[in-house]
> 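Take a look at the following structure, please.
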Amino acid sequence: MENQLLDACIPIKLKTFVELTMDVASASPRRYFFEVMSMFATAEHEKERLQYFVSPEGRDDLYQYNQRERRTVLEVLEDFPSVQMPLEWLVQLVPPLKTRAFSISSSPSAHPNQVHLTVNVVSWTTPFKRSRAGLCSNWLAKLDPEQRVYVPVWFQKGSLPPPPPSLPLILIGPGTGCAPFRGFVEERAIQSLTGSTAPVMFFFGCRNEDNDFLYREFWISHSQNGGVLSEAKGGGFYVAFSRDQSQKVYVQHKIQEHGQRVWNLLREGAAVYVAGSSTKMPADVLLAFEEIISKESGLPQESAVRWLRALEKAERYHVEAWS
């Protein structure tokens with residue numbers, strides 16, 4: 001199919017081609033881009049500055065100007081207006097527009113013919129106080145829900161396999177890491193209507209209870225009245241609000257706080273699922289499990305590490321992390 005599309009001669013407007021294929025509005029150009037720009041600069045002072053940037057002496061200044069400030073291709077071209085780079089060069093040098101991957105945060109049983117996403121609207125300020133915004137997340141955020149918009153979508157098998165209803169679960173998903181587990185809980189709630197299901201413990205984390213407690217009502221409703229996250233069913237729902245007190249509290253602290261119940265569920269054959277930021281969180285969570293296993297079982301730390309490695313080999317410890 002892809003080859004057929006490539007072979008087909010379909011006219012397309014240049015503006016549309018750039019918008020759909022070239023990342024001119026979010027990606028920073030590479031060093032070679034500045035070198036090529038110097039070849040096509042007609043203003044002498046711009047040519048000199050570009051040549052300086054690509055010289056060994058200008059390497060640090062190029063880093064400060066380009067990478068650290070996350071300047072886009074468009075911004076760089078605007079800063080050097082005399083550069084008249086031919087289209088064939090731009091097509092080769094501008095980074096291609098990449099697809100964005102999001103975890104599906106809904107169950108097909110609960111929402112037939114629908115796919116729900118949990119997307120963090122990315123924005124930040126550069127060292128020189130310039131506002132930056134994520135390309136895809138901000139585009140999604142600005143869509144009008146009342147209007148029908150066609151978006152190309154690809155479905156790929158994720159790294160978190162859907163668990164059978166008989167498998168006890170320990171879920172850790174701070175921030176948007178909760179996305180796949182919303183689907184897990186929806187699916188298990190439907191399964192519980194027609195049969196018995198194993199307990200589910202879910203550890204969620206966010207900065208503030210009032211500002212970014214994602215799906216608050218959803219989690220609470222399933223943790224009460226015998227829901228799939230209720231302690232009455234052997235599970236539980238626990239939240240770490242990292243900024244609501246003087247001492248920061250993260251999901252690993254909540255896991256340790258309920259260490260005995262976590263250990264009991266692990267002994268019953270529970271699988272662990274971790275999703276969220278790929279910075280320190282997955283390693284901190286793994287360390288919390290090591291300490292719980294060592295404390296509750298009486299094993300030395302080295303044996304607890306081996307116990308967790310065996311859990312991974314048995315495909316009962318899954319991690320899906322992103323930057």
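Heads up: numbering here begins at 1 and tracks the sequence. The structure displayed is predicted, hence computed values, not measured ones.
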> For Ser277, enumerate each residue passing the side chain to side chain contact (heavy atoms under 4.5 Å, CB included) test, keeping only those at least two apart in sequence or located in another chain.
Thr279
> Enumerate the residue pairs fulfilling side-chain hydrogen bond (donor to acceptor under 3.5 Å, both in side chains) with a member in residues 11-27, sequence neighbours excluded, ordered by first and then second residue.
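Passing the test, one end in residues 11-27: Lys15-Glu19, Asp23-Ser26.
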> Kindly write out the residues that satisfy side chain to side chain contact (heavy atoms under 4.5 Å, CB included) with Pro86, not counting sequence neighbours, or none if the list is empty.
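With neighbours one apart ignored, the set is Phe40, Glu88, Trp89.
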> Not counting sequence neighbours, list each pair that qualifies as a side-chain hydrogen bond (donor to acceptor under 3.5 Å, both in side chains) and has a residue in residues 218-236.
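Every pair satisfying side-chain hydrogen bond (donor to acceptor under 3.5 Å, both in side chains) with a residue in residues 218-236: Glu231-Tyr238.
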> Applying ring-ring contact (aromatic ring centres under 6.0 Å, His included), name anything that partners Phe80, two or more places apart in sequence or on another chain.
none
> Only pairs at least two apart or in different chains count here, so list each salt bridge (Lys or Arg N to Asp or Glu O under 4.0 Å) that has a residue in residues 139-151.
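Found none.
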> Please confirm whether the backbone N or O of Ala43 pairs with a side-chain atom of Ser82, one donor and one acceptor, at under 3.5 Å?
yes
> Examine Arg182 relative to Tyr215 and say whether NZ or CZ is less than 6.0 Å from the centre of the six-membered ring and inside a 45° cone about the ring axis.
yes
> Please, which pairs that meet salt bridge (Lys or Arg N to Asp or Glu O under 4.0 Å) have at least one residue in residues 120-132, sequence neighbours excluded?
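The answer is Glu69-Arg130, Glu75-Arg130, Glu75-Arg132.
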> Would you please name every residue forming a side chain to side chain contact (heavy atoms under 4.5 Å, CB included) with Ser131, sequence neighbours left out?
none
> Does anything in residues 270-306 form a ring pair (Phe, Tyr, Trp, His ring centres under 6.0 Å)? List the pairs, not counting sequence neighbours.
Phe184-Tyr273, Tyr273-His318, Phe289-Tyr317
> Go through the structure and list residues passing ring-ring contact (aromatic ring centres under 6.0 Å, His included) with Trp307, not counting sequence neighbours.
Trp263
> Filter on salt bridge (Lys or Arg N to Asp or Glu O under 4.0 Å), then keep only pairs touching residues 94-122, sequence neighbours left out; what's left?
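Those involving residues 94-122 do not exist here.
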> Output all residues satisfying side chain to side chain contact (heavy atoms under 4.5 Å, CB included) with Ser109, sequence neighbours left out; order by chain, then residue number.
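Once residues adjacent in sequence are excluded, the partners of Ser109 under the side chain to side chain contact (heavy atoms under 4.5 Å, CB included) criterion are Ser107, Glu187, Ile190.
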> Compute both the distance and the angle, then confirm whether Arg31 meets the cation-pi test with Phe53: under 6.0 Å from the six-membered ring centre, within 45 degrees of the axis.
no
